[in-house]
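Worksheet for the structure shown next.
Since we're looking at a predicted model, the values are computed, not measured. Values below: all heavy atoms of this structure, side chains included; hydrogens, waters and symmetry mates excluded.
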Amino acid sequence: VRSALTSGKCIAWSLNDSPFLSQGWIRVEGKGTLDFLNNKVSNTVNGSFTQACLLSPKGKVVDVVGVALESPTRAYILTSPGHDSSTLYNRLDPLIFPMDQVTLTKYEPRVITIFSSKLQHVRNAIAEYVLPLVDEEIHFSPDSTSSCMFVSDEVTILPHGVLPTCAGHGYTVVITNPQLGNNIWEALTGDANPHGPIGIGPLEYETLRIESGLPSYRSEYGDEKDNKAP
């Protein structure tokens with residue numbers, strides 16, 4: 001893992017199969033999307049990608065989430081590992097009133113993070129192993145270090161490595177089509193690709209998280225009713 005981080009090979013993780021580390025993906029859609037989000041998170045959502053604290057009605061930090069803004073009327077929320085889609089949906093849905101003019105849609109996505117000591121290594125891996133499977137002519141733009149890439153209705157690439165930049169740099173790929181998600185993971189980390197990223201599991205991810213000082217959902221933050229240790 002250490003050599004892959006610095007050699008340009010990259011590491012990758014997808015924690016969907018872990019019952020305590022899966023990530024949620026919720027679509028917020030409607031005329032009131034921006035107002036709704038800005039009333040729920042700590043930072044103003046006004047760019048393609050915003051990282052912010054999700055707050056409870058009492059102002060308590062529930063999670064650190066990523067908000068991907070596709071348009072003023074459509075956005076997506078990516079949770080931290082351990083905060084699944086159903087939990088987030090059940091938290092937000094009761095807070096919606098007709099005047100909010102938004103609807104929520106929850107997904108059970110395949111979330112893949114590709115990580116390395118240099119961002120260009122991650123870009124190379126995505127360009128070589130991910131984008132060809134989507135059948136789209138997509139290229140990284142100069143500002144893609146801070147912008148989301150809405151590749152298709154099923155694939156979104158976020159400028160978000162989950163871990164702090166002191167540990168490295170990365171992108172997160174969210175795939176809502178299960179079969180496509182499996183195909184992308186296999187293309188990245190399968191035995192047929194000895195030159196691709198090294199796939200790591202929950203134990204290795206948790207080791208990197210603790211070493212880099214990243215708080216975790218259910219441990220350092222989250223409502224008391226959600227803090228049920230595995």
Result for side-chain contact (heavy atoms from CB on, under 4.5 Å) between I175 and one of N183, I184, V111 points to I184
Decide yes or no for [X] and [Y]: does some side-chain heavy atom of the first lie under 4.5 Å from some side-chain heavy atom of the second?
X	Y	value
Y171	I126	yes
Q51	V65	no
S147	F49	no
R27	L104	no
P109	S85	yes
V62	R91	yes
W13	I114	no
T79	T87	no

Quick check for you: to the nearest 0.5 Å, what is the distance between [X] atom [atom1] and [Y] atom [atom2]?
X	Y	atom1	atom2	answer
Q23	S14	CD	OG	8.5 Å
D84	N16	CG	CG	11.0 Å
I112	Y129	CD1	OH	14.0 Å
L78	H160	CG	NE2	5.5 Å
I198	S116	CD1	OG	11.5 Å

Can [X] and [Y] be counted as having a side-chain donor-acceptor contact under 3.5 angstrom?
X	Y	result
N124	Q120	yes
T172	T113	yes
S80	D63	yes

List the steps and the verdict of side-chain contact (heavy atoms from CB on, under 4.5 Å) for L163 and Y205. CA-CA 9 Å; L163 298 176; Y205 166 77; 4.0 Å; yes
Classify the angle between the aromatic ring planes of Y217 and H83 as parallel (below 30°), tilted (30 to 60°) or perpendicular (above 60°). parallel
Where does the angle between the aromatic ring planes of W25 and Y76 fall among parallel (under 30°), tilted (30 to 60°) and perpendicular (over 60°)? parallel
D100: partners by side-chain contact (heavy atoms from CB on, under 4.5 Å), with sequence neighbours left out: F36, I96, F97, V102
Hey, could you give me each pair passing salt bridge (charged side-chain N to carboxylate O under 4.0 Å, His left out) that has a residue in residues 67-76? Not counting sequence neighbours. E29-R74, E70-R74
May I have the step-by-step check of side-chain contact (heavy atoms from CB on, under 4.5 Å) for L34 and L69, ending in yes or no? CA-CA 9 Å; L34 284 175; L69 185 65; 3.9 Å; yes
